[in-house]
Chemist: 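There's a structure below that I have some questions on.
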Amino acid sequence: MTDSIFALIAEELGRIAADKGEVLPPLTAGSRFLDGDLPIDSLDLATLLVVLEQRTGQDPFREGFRQFATVGELAALYTVPA
């Protein structure tokens, strides 16, 4: 996982949490998006994916959904060619 993608995900998750009046806990590669400690729901996750595509110019889901559950797994999708 590249630090820049992880930092971008952390930045956007922080913004999403702050917009909801929540505090984002410290992130690790193993932080789970849903059913974990992150104060986000599926709509927030969809928003994150749109922002990541806009900011990176990459869409690892162009060919269809790819499974991920953690911050590290999502970051890996943006560091490996889709």
Side-chain angles (χ1 to χ4, degrees):
M1 160 180 27
T2 65
D3 291 337
S4 61
I5 295 296
F6 186 89
L8 178 58
I9 292 170
E11 175 187 333
E12 290 303 318
L13 285 175
R15 183 190 57 73
I16 289 168
D19 286 350
K20 295 171 66 172
E22 299 280 350
V23 175
L24 188 68
L27 288 182
T28 67
S31 296
R32 296 185 66 79
F33 285 105
L34 304 175
D35 301 324
D37 293 334
L38 301 181
I40 66 168
D41 58 26
S42 58
L43 181 57
D44 298 328
L45 184 54
T47 299
L48 173 64
L49 296 180
V50 169
V51 170
L52 289 175
E53 181 180 349
Q54 291 171 342
R55 296 200 46 197
T56 66
Q58 297 180 51
D59 180 7
F61 304 99
R62 181 169 289 132
E63 301 298 320
F65 184 75
R66 298 177 67 191
Q67 193 69 32
F68 68 94
T70 67
V71 172
E73 291 169 349
L74 178 61
L77 294 179
Y78 286 88
T79 57
V80 177

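As the structure is a computational prediction, the values presented were derived from the model and not from experiment.
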Chemist: So, for Leu38 and Pro25, which heavy atoms are closest and what is the spacing to 0.1 Å?
Modeler: CD2-CG, 4.0 Å
Chemist: Roughly how far, to the nearest 0.5 Å, is CD1 of Ile5 from OH of Tyr78?
Modeler: 8.0 Å
Chemist: For the CG atom of Leu8 and the CG atom of Asp3, what is their distance to the nearest 0.5 Å?
Modeler: 12.5 Å
Chemist: Sequence neighbours left out, what pairs pass side-chain hydrogen bond (donor to acceptor under 3.5 Å, both in side chains) with at least one residue falling in residues 35-54?
Modeler: Lys20-Asp44
Chemist: Looking only at heavy atoms, which two atoms of Pro26 and Ser31 are closest? And how far apart?
Modeler: O-OG, 4.0 Å
Chemist: Quick one: closest heavy-atom pair of Leu24 and Pro39, and the distance?
Modeler: CD1-CD, 4.0 Å
Chemist: Between atom CG of Leu52 and atom CG of Leu74, what is the distance when rounded to the nearest 0.5 Å?
Modeler: 6.0 Å
Chemist: Could you state whether Leu34 and Leu48 fall into the same hydrophobic cluster, counting links through intermediate Ile, Leu, Val, Met, Phe, Trp or Tyr residues with side-chain heavy atoms under 4.5 angstrom apart?
Modeler: yes
Chemist: Are any non-hydrogen side-chain atoms of Val51 and Ile16 less than 4.5 angstrom apart?
Modeler: no
Chemist: Return the set of residues passing ring pair (Phe, Tyr, Trp, His ring centres under 6.0 Å) with Phe33 (not counting sequence neighbours), or none when no residue passes.
Modeler: Phe68
Chemist: In chain order, what residues pass the side chain to side chain donor-acceptor pair (under 3.5 Å) check against Arg15, with sequence neighbours excluded?
Modeler: Glu12, Asp19
Chemist: Compare all side-chain heavy atoms of Thr28 with those of Val71 and state whether any distance is below 4.5 angstrom.
Modeler: no
Chemist: Residues in salt bridge (Lys or Arg N to Asp or Glu O under 4.0 Å) with Glu11, at least two apart?
Modeler: Arg55
Chemist: With rounding to the nearest 0.5 angstrom, report the CG to CZ distance, Leu77 to Phe61.
Modeler: 5.0 Å
Chemist: Among all residues two or more places apart in sequence or in another chain, which pass the side-chain contact (heavy atoms from CB on, under 4.5 Å) test with Ala69?
Modeler: Arg32, Glu73
Chemist: Do the side chains of Leu49 and Phe65 join up, straight or via other hydrophobic residues, at under 4.5 Å, putting them in one cluster?
Modeler: yes
